[in-house]
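Worksheet: the structure to be examined is printed underneath.
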Protein chains: 2
Amino acid sequence: MTEHLSTAEENYIKSIYHLQQSESVVSTNEVAARLNTKAASVTDMLKRLNSKQVIHYEKYKGVSLSIEGEKIAIDIIRKHRLWEYFLVEKLQFKWDEVHEIAEELEHISSKQLVERLDNYLGYPKFDPHGDPIPDSKGHIQFQEQISLTDLTIEKPATVSAVVGSQSSELLELLTHKNIGIGTRIVIKRKFSYDNSMEIETNDNCTFTISKELAMALFVR
Amino acid sequence: MTEHLSTAEENYIKSIYHLQQSESVVSTNEVAARLNTKAASVTDMLKRLNSKQVIHYEKYKGVSLSIEGEKIAIDIIRKHRLWEYFLVEKLQFKWDEVHEIAEELEHISSKQLVERLDNYLGYPKFDPHGDPIPDSKGHIQFQEQISLTDLTIEKPATVSAVVGSQSSELLELLTHKNIGIGTRIVIKRKFSYDNSMEIETNDNCTFTISKELAMALFVR
DNA sequence: TAAATAATTTAGATTCGCCTAAATTTTTAT
DNA sequence: ATAAAAATTTAGGCGAATCTAAATTATTTA
Ligand SMILES: [Mn+2]
Ligand SMILES: [Mn+2]
Ligand SMILES: [Mn+2]
Ligand SMILES: [Mn+2]
């Protein structure tokens, strides 16, 4: 299939993939912003990736992944999330500490390593942040999840993901409130004054959380 | 201490370290041979590493690691061997399959990751090839080992290392004869005609091994 | 010790990945 | 519909890491 891709190329492909989740065609500036680089550098790379057939690109028209490119992206994301799972489950890292390390580990090339790691971990379906881990065929079990903000009162739900998962402040707060992936939540009241809400969790605790925290939590 | 080192720089430092085990000053050509590159490229890199103070280098005079460079080398080797141990013990790789993968994993930078991995693995002292794993302070428990070729008749010894550990032919042979790191061996007879020898192992098996195999085995 | 040979370095290119500044194209606002 | 603003690309350059070919230095051999 595709020859060897550099770490930089892989990071671009992954970024384009993620940006495509919201809008199917991605702009040069968006890629630049996500990768903390300059638009001119992005244009450079897009030309290269285009000639390698992993993206569709025409100047001034934005970029999207080719079928091949999407496969590559999913493979990198699979590795990223499996390693994050490993770091948390086996090496006892906290979930706010693993992203940077996985950012490096995701580029280790051995196919066999990924498969064996997956098997060793027991084929986990979600990473420590609640994001789905693609299987070895590249299939992703998308979960329809909604922001806790949009959950109906009195309707029980389970925390499925946390956004802003690199923030240790967020982790501190969630640890204090004893909330994590898998926690059952019911909204008891919503206060329109500050958009805070009173919730009840698993362990029969009832307390109030802020609008900010509610927006960081996704449930299903 | 030292800023960030690239993968290429780390590989050069590690190679110089290994070459220094036999002779304290290493030549440009030796480095080139070990890294499968050209002498001109090595000269280039030596200038860079010299300016970063990790080696001592004067033109036409060969190269050696600085104190700082040696610490870096040992740290990379520690990571390499810990990952090899992980791959064999946890992911069930055979010991002839792990070197290439560890060659990539050894460049993952997180200090915390190494320490936690070491702890997770139970602070192993030797890698799957019998080579010592440096501890977190960089201390290496050297073992005086000798080639099986040089072992005295009737003197029991334990296989401590296998050289040529990337060869699957060697692994095949050792698996067949049921020899591995830790196997107890006694030499019963040496045949000077072809330098083969009759040995007895753990499991009370007695059989003959070739000169070639004896040279690949180290014991203590 | 002088010539031949081997080892090493220098010179000059190339590719990748990035940058700044300038030019061009597209989009938005008047 | 123009002009202003924003987005994007091009031009030109730089450092890292590699290469080949040529020049230089060191070592060996006659
Ligand atoms: Mn990455
Ligand atoms: Mn994640
Ligand atoms: Mn390496
Ligand atoms: Mn090893």
Margin query: Quick one, Asn11(B) with His107(B), criterion side chain to side chain contact (heavy atoms under 4.5 Å, CB included). Give me CA distance, side-chain angles, the key distance, then yes/no.
Written below: CA-CA 9 Å; Asn11(B) 284 335; His107(B) 303 288; 3.0 Å; yes
Next item on the list: Send over the distance from Leu46(B) CG to dT9(C) P, rounded to a whole Å.
Entry: 7 Å
Check: Under 6.0 Å from the six-membered ring centre of Tyr85(B) and within 45° of its axis: does the NZ or CZ of Arg78(B) meet both?
Finding: no
Next item on the list: With salt bridge (Lys or Arg N to Asp or Glu O under 4.0 Å) as the test, would you mind laying out the steps for Glu9(A) and Lys52(A) before giving the verdict?
Entry: CA-CA 10 Å; Glu9(A) 287 170 328; Lys52(A) 292 193 178 185; 2.9 Å; yes
Item checked: side-chain N/O Lys59(B) vs dT25(D) OP1/OP2, d < 4.0 Å -> no
Next item on the list: Check whether any side-chain N or O of Thr37(A) sits under 4.0 Å from OP1 or OP2 of dC19(C), and answer yes or no.
Entry: yes
Check: What is the nucleic acid contact for Thr28(B), judged by heavy atoms within less than 4.0 Å: base, sugar-phosphate only, or nothing?
Finding: sugar-phosphate
Next item on the list: Could you check how far CD of Glu23(A) sits from C1' of dA7(D), rounded to whole Å?
Entry: 14 Å
Notebook entry, point to check: Quick one: which of dC18(C), dG17(C), dA11(D) gets closest to the side chain of Ser41(A)?
Noted result: dC18(C)
Checklist line | Met45(B) CE - dT18(D) C1' separation (whole Å) | finding: 10 Å
Next item on the list: Quickly work out the Tyr60(A) OH to dA6(D) P distance and round it to whole Å.
Entry: 17 Å
Next item on the list: Quick one: label Asn29(B) by what it contacts on the DNA or RNA (base, sugar-phosphate, nothing), any heavy atom closer than 4.0 Å.
Entry: sugar-phosphate
Item checked: Whole-Å gap separating P (dG17(C)) and NE2 (His107(A)) -> 12 Å
Next item on the list: Return no unless some side-chain N or O of Tyr12(B) is found under 4.0 Å from OP1 or OP2 of dT18(D).
Entry: yes
Next item on the list: Measure the distance from CG on Asp44(A) to C1' on dC18(C) and round it to the nearest whole Å.
Entry: 8 Å
Notebook entry, point to check: With sugar-phosphate meaning primed atoms plus P, OP1 and OP2, does Thr43(B) contact a base, only sugar-phosphate, or nothing at under 4.0 Å between heavy atoms?
Noted result: base
Notebook entry, point to check: Are any of Lys38(A)'s side-chain N or O atoms less than 4.0 Å away from OP1 or OP2 of dT20(C)?
Noted result: yes
Note to self: With heavy-atom distances below 4.5 Å as the criterion, would you say the side chains of Ile181(B) and Phe126(B) are in contact?
What the structure shows: no
Margin query: Please classify the nucleic acid contact of Lys47(B) as base, sugar-phosphate, or nothing, using heavy-atom distances under 4.0 Å.
Written below: sugar-phosphate
Notebook entry, point to check: In whole angstroms, how far is the P atom of dC18(C) from the CG atom of Leu49(A)?
Noted result: 11 Å
Note to self: Would you say Arg48(A) places a side-chain N or O within less than 4.0 Å of OP1 or OP2 belonging to dG17(C)?
What the structure shows: yes
Next item on the list: In whole angstrom, give the distance that lies between atom CD of Glu9(B) and atom P of dA16(D).
Entry: 8 Å
Check: Looking only at side-chain N and O atoms, does Tyr57(A) come under 4.0 Å of OP1 or OP2 in dT8(D)?
Finding: no
Next item on the list: Run the numbers on Glu106(A) and Arg81(A) for salt bridge (Lys or Arg N to Asp or Glu O under 4.0 Å), then give the verdict.
Entry: CA-CA 8 Å; Glu106(A) 71 188 358; Arg81(A) 293 180 181 166; over 6 Å; no
